[in-house]
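Heads up, the thing below is written out as C-alpha cells.
Order of the sequence lines fixes the chain letters, A, B, ..., with proteins taken first and strands second; residue numbering starts at 1 for each chain. All values below were derived from every heavy atom in this structure, side-chain atoms included, with hydrogens, water molecules and symmetry-related copies excluded.
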There are 2 protein chains.
Amino acid sequence: MRADARRNYERLLAAAEELFRRDGTEASLEEVARTAGVGIGTLYRHFPNRDALLEALLREQFEGLRAAAERLTELPPEQALTELLVLFTERITQYRGLPASALAVLRTPGSALYEACHAMNDAGQRLVEHLQRAGVVRADVPARDVLALAASVAWLGEQSGDLEQRERLLRVVTDGFSARSS
Amino acid sequence: MRADARRNYERLLAAAEELFRRDGTEASLEEVARTAGVGIGTLYRHFPNRDALLEALLREQFEGLRAAAERLTELPPEQALTELLVLFTERITQYRGLPASALAVLRTPGSALYEACHAMNDAGQRLVEHLQRAGVVRADVPARDVLALAASVAWLGEQSGDLEQRERLLRVVTDGFSARSS
DNA sequence: ACCTGAACACCGTTCAAGT
DNA sequence: ACCTGAACACCGTTCAAGT
C-alpha cells in the first residue's frame, strides 16, 4: 500500500473509533471522513461499507472473546456461565448499537464481520453445550439462546443507561438458564 | 375541526398504521404524508412529531394493557406473571422498533405517549410488587426490571425474527424472576 | 383554519475527473 | 493507485405563500 494510502487508512480508523464511541455504530460516515480529513470517496475505497469499518475495529476483540470462551471450559462449570456472560457483555457494549449490529452480521454470512462474529458465537455455544452436559445449564433450551439473551440485556443497558440494572438482569438471566430452573 | 382537516387526519393515521406496520416506528414521515395524499406540512400540523403519531395509534392499546395488568391481580399469582409478560410482549411487538420507542418515551416525560406508557408500566410494576409480596417473584430485584427485560426479549425477537426463541426466552426470564431462583 | 411545497440542513453511496 | 467532490436519491423539519 502506498504511504499516503496507509496514512489515510489509519486516520479513517482512528476517526471511526472516535465517532462510533461517541455516536454508536450508526455514526455518520461522512463525518468520519471529514474528521479523518479525507474525501468521502476515500473512505469508501478503503472500507466498502460500514461493516468493513466495524470489522477492522472489532475483529481482534471478537477473536479474543472466542479464545476466552474456549478457555472457560477449564473453569468449574458453576463459574463458567457467569464469566462468559460478563466477558461477552463487556465487548458487545463497546459501541452503542453493537448488539443490534452483531445480531445483523450473524444473519448475513457474506458480511465483513461475519467470520469473527460467528466464530465467537460458536465458541460461546460450545461452552454452553458443555455446561448443559455438565448439568449446570438447563438442557431444554438451545445453547444459542444464551448469548442471544445476553445481547438483548446489553441492548437494554444501552437504552436505559442503567448499568446496575444490567448487572441485576444478567444475574436474573443466569439464574433463568441454571439447570435448577427447568 | 373542519371536515377536510378531519379527513386528512384520518388519512394520515391510516397511512402511518400501514407504514409503521411495514417499516417499523422509524418509517419515513415523508412517505406517510405521500401515502396519505397530503403535503408534508399537513402531517406536521396534525402531528408535531413522530411520537404524536405513535400516541394516536397506541394510546388505547397501552390503556388496555394497563387495565389488564390491574385485573391480573385477581389471578392465582403463579399464572399472573406469565400472563403479564405474554400480554405485554404482544403489544410491544406491534411495530418493529416499538420496544426501543417505548423505552425512549418512558425516559422523556414531556412526550406524547408518556402518560399512557407510564401508566401501563406503573400498573405492571404494581402487579409485580404484589407478586413479590405473595412470594412468587423474587424480591431481591426491583419490580421495574421485569417489564424492562420483557421489552428486551421483544427487541431480540425483532432482530432474529425467531418467534419460538422469543417464547423460550420468555420462559427462561419468567423462571429467572421466580422466587425459587433467588 | 388549514394546506402546500420549496427551502435548509443533513444523510449514504457512486463515479467521472483529476494527480 | 489513489484521491476528490459533485451528483443523485433520499431524509426530517420549518415556514412563507396561498386558499
Side-chain angles (χ1 to χ4, degrees), chain A residues 1-57 95-98 100-101 104-105 108 110-113, chain B residues 1-57 95-98 100-101 104-105 108 110-113:
Chain A
M1 185 153 26
R2 234 164 61 180
D4 58 337
R6 157 119 272 146
R7 215 195 41 194
N8 283 340
Y9 180 91
E10 302 295 353
R11 282 187 180 176
L12 280 164
L13 226 46
E17 224 298 278
E18 179 187 336
L19 292 181
F20 282 13
R21 194 174 297 287
R22 193 191 73 190
D23 298 339
T25 58
E26 300 305 320
S28 158
L29 296 183
E30 291 198 319
E31 194 176 355
V32 169
R34 275 197 304 273
T35 304
V38 136
I40 181 65
T42 303
L43 182 150
Y44 277 93
R45 157 166 272 266
H46 286 289
F47 305 99
N49 50 49
R50 187 180 297 273
D51 232 60
L53 220 31
L54 263 184
E55 198 265 348
L57 290 169
Y95 308 127
R96 203 157 16 94
L98 188 50
S101 301
V105 158
T108 61
S111 100
L113 245 185
Chain B
M1 186 153 27
R2 231 163 63 178
D4 58 338
R6 159 119 270 147
R7 217 195 39 195
N8 283 339
Y9 179 91
E10 302 295 352
R11 282 186 180 175
L12 281 164
L13 225 46
E17 224 299 278
E18 180 187 337
L19 292 181
F20 282 12
R21 193 173 297 287
R22 194 190 73 191
D23 299 337
T25 58
E26 300 303 321
S28 158
L29 296 183
E30 290 197 319
E31 195 177 355
V32 169
R34 275 198 303 276
T35 303
V38 138
I40 182 64
T42 303
L43 183 150
Y44 277 93
R45 156 166 274 265
H46 285 290
F47 306 99
N49 50 50
R50 187 180 296 273
D51 232 59
L53 220 31
L54 264 184
E55 198 266 346
L57 290 169
Y95 308 126
R96 202 159 15 96
L98 189 49
S101 302
V105 158
T108 58
S111 100
L113 245 186

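Residues passing the salt bridge (charged side-chain N to carboxylate O under 4.0 Å, His left out) test with B:R6, sequence neighbours excluded: B:E10. Taking the salt bridge (charged side-chain N to carboxylate O under 4.0 Å, His left out) definition, one finds that A:R21 meets it with A:E17, sequence neighbours left out. Residues satisfying the side chain to side chain donor-acceptor pair (under 3.5 Å) test with A:D4, not counting sequence neighbours, are A:R2. The side chain to side chain contact (heavy atoms under 4.5 Å, CB included) check on B:A15 picks up B:V32, B:T35, B:A36, with sequence neighbours excluded. Listed by chain and number, the residues in a side chain to side chain donor-acceptor pair (under 3.5 Å) with A:R22 are A:E31 (sequence neighbours excluded).
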Side-chain donor-acceptor distances from residues 38-56 of chain B under 3.5 Å, at least two apart:
unit_1, atom_1, unit_2, atom_2, d
B:N49, OD1, B:D51, N, 3.2
B:N49, OD1, B:A52, N, 3.0
B:R50, NH1, B:T25, O, 2.8
B:R50, NH1, B:A27, O, 2.7
B:R50, NH2, B:A27, O, 3.3
B:D51, OD2, B:S111, OG, 3.0
B:E55, OE1, B:R59, NH1, 3.3
B:E55, OE2, B:R59, NH1, 2.9

### Summary
Secondary structure of DNA chain C per the Watson-Crick/G-U criterion (both distances under 3.5 Å; [ ] crossing, | other strand, . unpaired) is ||.|||||...|||||.||
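Put simply, CG on A:L29 is 10 Å from P on C:dC11, counting in whole angstrom units. When rounded to the nearest whole Å, the span between CG of B:L53 and P of D:dG12 equals 11 Å. Atom-to-atom, OH of A:Y44 to C1' of C:dC15 comes out at 13 Å; the value is rounded to the nearest Å.
Residue contacts for B:A27: at a heavy-atom cut-off of 4.0 Å it reaches the sugar-phosphate backbone alone, with no base atom in range.
Taking only side-chain nitrogens and oxygens, A:S28 never comes nearer than 4.0 Å to OP1 or OP2 of C:dC10. At the phosphate of C:dC11, OP1 or OP2 sits under 4.0 Å from a side-chain N or O atom of A:R34.
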Enumerate all atom pairs, one protein N or O and one N or O from nucleotides 2-8 of chain C, separated by less than 3.5 Å.
unit_1, atom_1, unit_2, atom_2, d
C:dC2, OP2, B:R45, NH1, 3.2
C:dC3, OP1, B:N8, ND2, 2.2
C:dC3, OP2, B:H46, NE2, 3.3
C:dT4, OP2, B:G39, N, 2.9
C:dT4, OP2, B:T42, OG1, 2.9
C:dG5, O6, B:G41, N, 3.3

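Applying the ring-ring contact (aromatic ring centres under 6.0 Å, His included) test to residues at least two apart or on different chains, the pairs with a partner in residues 11-40 of chain A are A:F20-A:Y95.
Rounded to the nearest 0.5 angstrom, B:L19 CG and B:E26 CD are separated by 13.0 Å.
DNA chain C is contacted by no residue of residues 13-25 of chain A, taking any non-hydrogen atom closer than 4.0 Å.
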